[in-house]
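Structure first, commentary second.
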There are 2 protein chains.
Amino acid sequence: MTSPAAACRPREVLDIVADKWSLFVVRGLADGPRRFTELKRGIDGISQRMLTVTLRSLERDGLLTRTVHNIMPPHVSYELTPMGGTLHEATAPLMRWSFENLSRIDAARAAYDARG
Amino acid sequence: MTSPAAACRPREVLDIVADKWSLFVVRGLADGPRRFTELKRGIDGISQRMLTVTLRSLERDGLLTRTVHNIMPPHVSYELTPMGGTLHEATAPLMRWSFENLSRIDAARAAYDARG
DNA sequence: CTGGATCCCGTAGGATACTG
DNA sequence: CAGTATCCTACGGGATCCAG
């Protein structure tokens with residue numbers, strides 16, 4: 001692509017947001033540490049594989065920490081890092097916007113589809 | 001904060017955000033109406049097909065309007081609706097977060113990969 | 001200039017089964 | 001409980017050609 005350096009690259013960070021599950025995991029950890037199964041129960045529709053993959057990715061990005069507590073029985077807890085916390089705060093307006101505009105978007109879609 | 005309920009479906013709206021190109025298109029229209037080729041030039045790496053697809057999707061959701069000027073040569077302009085404008089505003093904190101944390105994320109990734 | 005129509009490939013991601 | 005390992009399919013998305 002050889003793009004000029006002038007192009008800022010929100011791409012890399014927005015890929016975190018653009019991920020299908022990342023924001024839901026971040027949101028699931030917003031109120032404090034959670035364990036794997038707690039997280040899975042709290043995120044509707046996520047598969048165990050995608051929860052694992054997403055957690056690994058967020059851990060790699062320094063947004064959450066993974067702590068193994070014991071040998072047996074296995075007990076692993078996940079917790080947002082400070083940076084993960086600020087990410088969650090940064091997404092708050094977007095979340096609010098989502099709730100406030102869901103019905104309007106539904107209406108727009110219906111109208112668009114009706115126009116054929 | 002973050003009341004536990006709200007088991008709504010942010011999924012549908014977050015899918016807009018989770019889209020690879022939507023936020024870039026919204027951003028490209030933030031300063032006023034733009035034409036197809038202007039948008040394409042402004043969004044680094046987007047293909048003509050994905051720009052078309054993304055524009056259609058955003059139009060369907062009521063986030064932007066498409067206006068065809070019946071002159072030669074063909075002239076189509078896209079413009080954010082008020083709702084599209086508020087979406088852009090809602091993403092502002094996230095954009096700011098991106099710029100502020102890019103280097104930190106790069107460092108976290110490097111450290112993670114080094115440990116691995 | 002603004003796209004629509006095809007072709008084609010890589011990968012995201014779901015289902016399932018197995019392990020420490 | 002908290003994953004890992006496969007398998008497999010759908011769809012995202014790039015390249016290319018064509019049309020109004």
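Atom set for the values below is all heavy atoms of this structure, side chains included, hydrogens, waters and symmetry mates excluded. Naming convention: chains lettered A, B, ... in sequence-line order (proteins, then strands); numbering from 1 in each chain.
Look at CG on B/L55: it is 14 Å from C1' on C/dC1, rounded to the nearest Å. One interatomic measurement links the two molecules: CZ of B/R35 to C1' of C/dC1, which rounds to 7 Å at whole-angstrom precision. If you measure from atom CG of A/L51 to atom C1' of C/dA15, you get 16 Å, rounded to the nearest angstrom. Atom NE2 of B/H75 and atom P of C/dC1 are 12 Å apart (whole Å). Residue A/M50 contributes atom CE, which lies 5 Å from atom C1' of C/dG13 at whole-angstrom precision. Following rounding to the nearest Å, A/K40 (NZ) and D/dG3 (P) show an atom-to-atom distance of 13 Å. Here C/dG13 presents its P atom at 6 Å from CG of A/D19, a figure rounded to the nearest Å. Taking atom CG of residue A/D15 and atom P of nucleotide D/dG12, one finds them 16 Å apart after rounding to whole Å.
Taking the nucleotide of DNA chain D with the nearest heavy atom to each of A/R56 and A/P74, the more 5' of the two is matched to A/P74. Nearest-nucleotide mapping onto DNA chain C: of A/K20 and A/Q48, the residue sitting toward the 5' end is A/K20.
Dashed line: the shortest gap from a side-chain N or O of A/R49 to OP1 or OP2 of C/dT16 is not under 4.0 Å. Taking 4.0 angstrom as the limit, A/Y78 places none of its side-chain polar atoms (N or O) nearer than this to OP1 or OP2 of D/dC1.
In this structure, the side chain of A/S77 does not engage the main chain of A/R34 through any donor-acceptor pair within 3.5 Å. Proximity of a side-chain donor or acceptor of A/D19 to a complementary backbone N or O of A/S22 within less than 3.5 Å is detected.
A salt bridge links B/R11 to B/D15: one of the charged nitrogens lies within less than 4.0 Å of a carboxylate oxygen.
Between the CG atom of B/L51 and the CD1 atom of B/I43 there is a distance of 5.5 Å, given to the nearest 0.5 Å.
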